[in-house]
Structure formats: structure tokens, C-alpha cells
Amino acid sequence: LHTIRFVELQLGSQDEAITVYDHINDRGLPLSSADIIKNRIFQHVNESQFTEVSTQWIIMTKTLGTIEIGSLRDPKFLLRAIASAEKGQKVTYPSLTGIFGKKLDPKNSDKEIKKEDPIGFAYDLAEAAAFLKNYGEDCRHDKHGELSALAFPKELNSIQQYPILLAARNIQDKEVFRRVVKQIANRTAFYTLSSERTQDFESLVPKWAHEIEKAGARMTLQKADEIYLKCANISVEGFSRLESVLRELNYKSSGDRAKIRAVLAHLSWILDEKMGKHPTPNTNIYDYFVAKKQQNGPAIWHIDHIQPSQGVGKESPLHGLGNLTLMYPTDNMALGSAKPAAKITHYAQNPVYLTKSLTDMSALIAKEKTKIEKHFSDAGVKEIKWDLQNWNQNSIDARFNLYFALLKNDLTTY
């Protein structure tokens, strides 16, 4: 105690006090916006409420800390998502302190600021953290179940969708909720695949989240569609850009290869769902994306070059999406540099229907072939224009056109 000195600073406002606290705290560590917001909450509760609020904050941070996606583990991500959805515009991390300070201050007279009860707010944060964990880690919702649509943007390593998903978490009707989730997944996948400017997409996220939140828990299908068309609809020019970008994907680029795998896996899942049949009874959507050896077994799928690529340059069209398909690792390695005609039997016996469709599908029963042809026709592909016996650039182009048509149809269907 003999070495302690007390310094009293007389400041003009609470904001100034918080700023000083931010810079000279006793740990010698910089405080984050989340730390300061926590202190804002605590300054507005009495001694009997302190333990309750503190417990909920701890629950929130522990929940976020277990999420596998690093960006979602920081409480600032959650706080920013909540603030942006309420304001309907992008919120910076430094501004979070002021925003929540005003919301939690019972003496604040600003009528444009929605007041929050500190205890209720602490419980809401813990609940929102649980939703964020379920979305980001398990692609599910506690009430509405598994959300397979979220696997595609997740595999594309996007995190921009989570603020919109948080805004939708309280929608009561299951059909409405799942439609909104599909809309969010579609728009996020388009953004990631089409090389849309990050600033452009991030500018629509808070507006979309705000409209969803404003519509409330009793949102209807009609309202969900109205909000999507108003805030996030994809333009004709956008799809033209998407097509151009997909044509340039190259298997030899690791970043492009991840997108190629995601597209092939997603389209394969969709068709197998239409057929009502998957590789094994226990197969789920996540299995389609598996590329690396797992602890409990080998890799599920390799990307196969339909026309072998040995000896060709990095920029060869043989590395493009139209010359690629999913295949079992054992088949892929056994066939090596075999020509397309030599793979017909292997493709026909592959359990994934999108890979089967490389053949003339004569090995399928009539009902299966009809279903596949209808799925293609619904996407605008009326006839098959590729031939494994005479696989050439026209075949590669036709196969690419199929993939793009199926993807575009999925991204505009919800």
C-alpha cells in the first residue's frame, strides 16, 4: 500500500471516462469494444443484478469461444451484427461503445436510440451467441432444424451471411424461416463465386438484416420475398459476371480448386436430393464436400479430369470446370490417364447422379433418366451435347453450360 498513488481525473462526460479507461487499464492490455460494452452494462446494474448479468456475459463468451470459425469467436462480431441490423447501415467496431452506451443508459433522452434493459440485453446476447454457434458450426436452428442450404456458403468460407441470419433467428413460421435462409445462402454464394466487390455486398447486409428484423417474428412468405427483391436481388448483369468468372476457374489454382469442388459438390447434392438417393443411407450434404483424408476413413471424393490433363500447360481449358467431375479416389487413381471413353463404366456406376449424367444414362432405369432430364430441362438444358466417345472442346463447353445453368437455377430458386 505504501507504493500506491491515487490520481483523480475530472472529466466532462462518461464517454471521456470510458476512453481514459480504454487507454490506462490496470492490465496493461488494450481493451476491446466488447470489454468496454461489458463495463457499460455493469455500470447500469445494482449489486444484486451484477451476478446475473456477469453470468450471462460469461455464457456468451464461452459459447462464442467454441465456434470453429475464428472471426465469429470475437464478441465484437456479434455486437456489430446486432448494432448494424438495428441501424440498417454498416457500423464500425470503434463506434460500438458509443452505440451500446446510449442504449443501456436509462438517462439517455435520444428518442432515436432504442433503450435496452441491461439484464434483458445480457440474456439476449447469450441467446444470440447460441444461435450464431448453431449457424456457424452445425448449420442448424434450435427450433427449425438442420439448414443444409448453409453448407454451400460455409464451404466457400464466407462469414458475411451471419449478421443476416442472426436477424432472422426469431422468425416463427418454419417455411418462412427456411425460405429466408435459402435466400441468404443463395445471395452469399453468388457474392463469393462472382467476385462481387466486398464493399458492395457488405453494404447490403445491414440493410437486409434491418428489414428482416423490422418485419418481425411473424414475417410472411410474401414479405420475405419483397425484402429479398428490395435488398438483395441478383441482376442480369450479375449473372453474366458470374458466368465469366466461372469460365475462368482453373483447377491448377488452389483458390479456384476450392470453388470448383464446392460447386460440383453442391450441384451433386441438389440432383441426388431430387432423385431421393445418396451414395449411402447415412450420407449428408457435408460428405459431398470432403476432399481430405479423415480420421475415420479415406477421402470421399476426388476431382477428376474427364479428359486427362497430363502434359498440358497450366492455362489449358482441360483445367476448366467443364472438364471436371467428382469421382471416388480409388477409381480416379486406378484410371490414371485413361481417355474419357474408357471411363464410361466407372461414371455409370458412380453413385452420384451428376457424374452418371456424363454417360448416355442407358444403364439407368427409365424413371431415373426421366427425373435427371427434367431437372436439366427445368434449368434450361433441353438436350445433352457431350459425348465421352468423342470428348472435345465442344463437349467441355456443353458440360460447363450445364453446370452454370444448374447453378443459376438453384441461386434463383427459394
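As the structure is a computational prediction, the values presented were derived from the model and not from experiment.
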Find out whether [X] and [Y] are in side-chain contact, i.e. whether some heavy atom of one side chain is under 4.5 Å from a heavy atom of the other.
{"X": "M219", "Y": "I212", "value": "yes"}
{"X": "L411", "Y": "L242", "value": "yes"}
{"X": "E86", "Y": "H210", "value": "no"}
{"X": "L264", "Y": "L321", "value": "yes"}
{"X": "H346", "Y": "Y328", "value": "no"}
{"X": "N186", "Y": "I234", "value": "no"}
{"X": "I300", "Y": "F289", "value": "no"}
{"X": "L132", "Y": "F77", "value": "yes"}

How are the rings of [X] and [Y] set relative to one another: parallel (under 30°), tilted (30 to 60°) or perpendicular (over 60°)?
{"X": "F404", "Y": "F239", "result": "perpendicular"}
{"X": "F131", "Y": "Y135", "result": "tilted"}
{"X": "W269", "Y": "H278", "result": "parallel"}
{"X": "H305", "Y": "Y251", "result": "perpendicular"}

Is the ring centre of Y288 less than 6.0 Å from the ring centre of H266? no
Is a salt bridge present between [X] and [Y], judged by a nitrogen-to-oxygen distance below 4.0 Å?
{"X": "K230", "Y": "E211", "result": "yes"}
{"X": "K103", "Y": "E116", "result": "yes"}
{"X": "E202", "Y": "K207", "result": "no"}
{"X": "D331", "Y": "K343", "result": "no"}
{"X": "R247", "Y": "E243", "result": "yes"}

From NZ (K38) to CE (M60), nearest 0.5 Å: 9.0 Å
Verdict with reasoning, Y123 to E52, per side chain to side chain donor-acceptor pair (under 3.5 Å): CA-CA 9 Å; Y123 274 93; E52 191 174 10; 2.9 Å; yes
Derivation and outcome, side chain to side chain donor-acceptor pair (under 3.5 Å), residues T355 and T325: CA-CA 6 Å; T355 301; T325 193; 3.2 Å; yes
[Y] six-ring centre to [X] NZ/CZ under 6.0 Å and within 45° of normal:
{"X": "R187", "Y": "Y228", "result": "no"}
{"X": "K356", "Y": "Y353", "result": "yes"}
{"X": "K182", "Y": "Y414", "result": "no"}

For the pair D225 and R179, evaluate salt bridge (charged side-chain N to carboxylate O under 4.0 Å, His left out) and give the outcome as yes or no after the intermediate values. CA-CA 9 Å; D225 293 347; R179 176 172 292 192; 2.7 Å; yes
Which residues pass the side-chain hydrogen bond (donor to acceptor under 3.5 Å, both in side chains) test with S395, sequence neighbours left out? N392
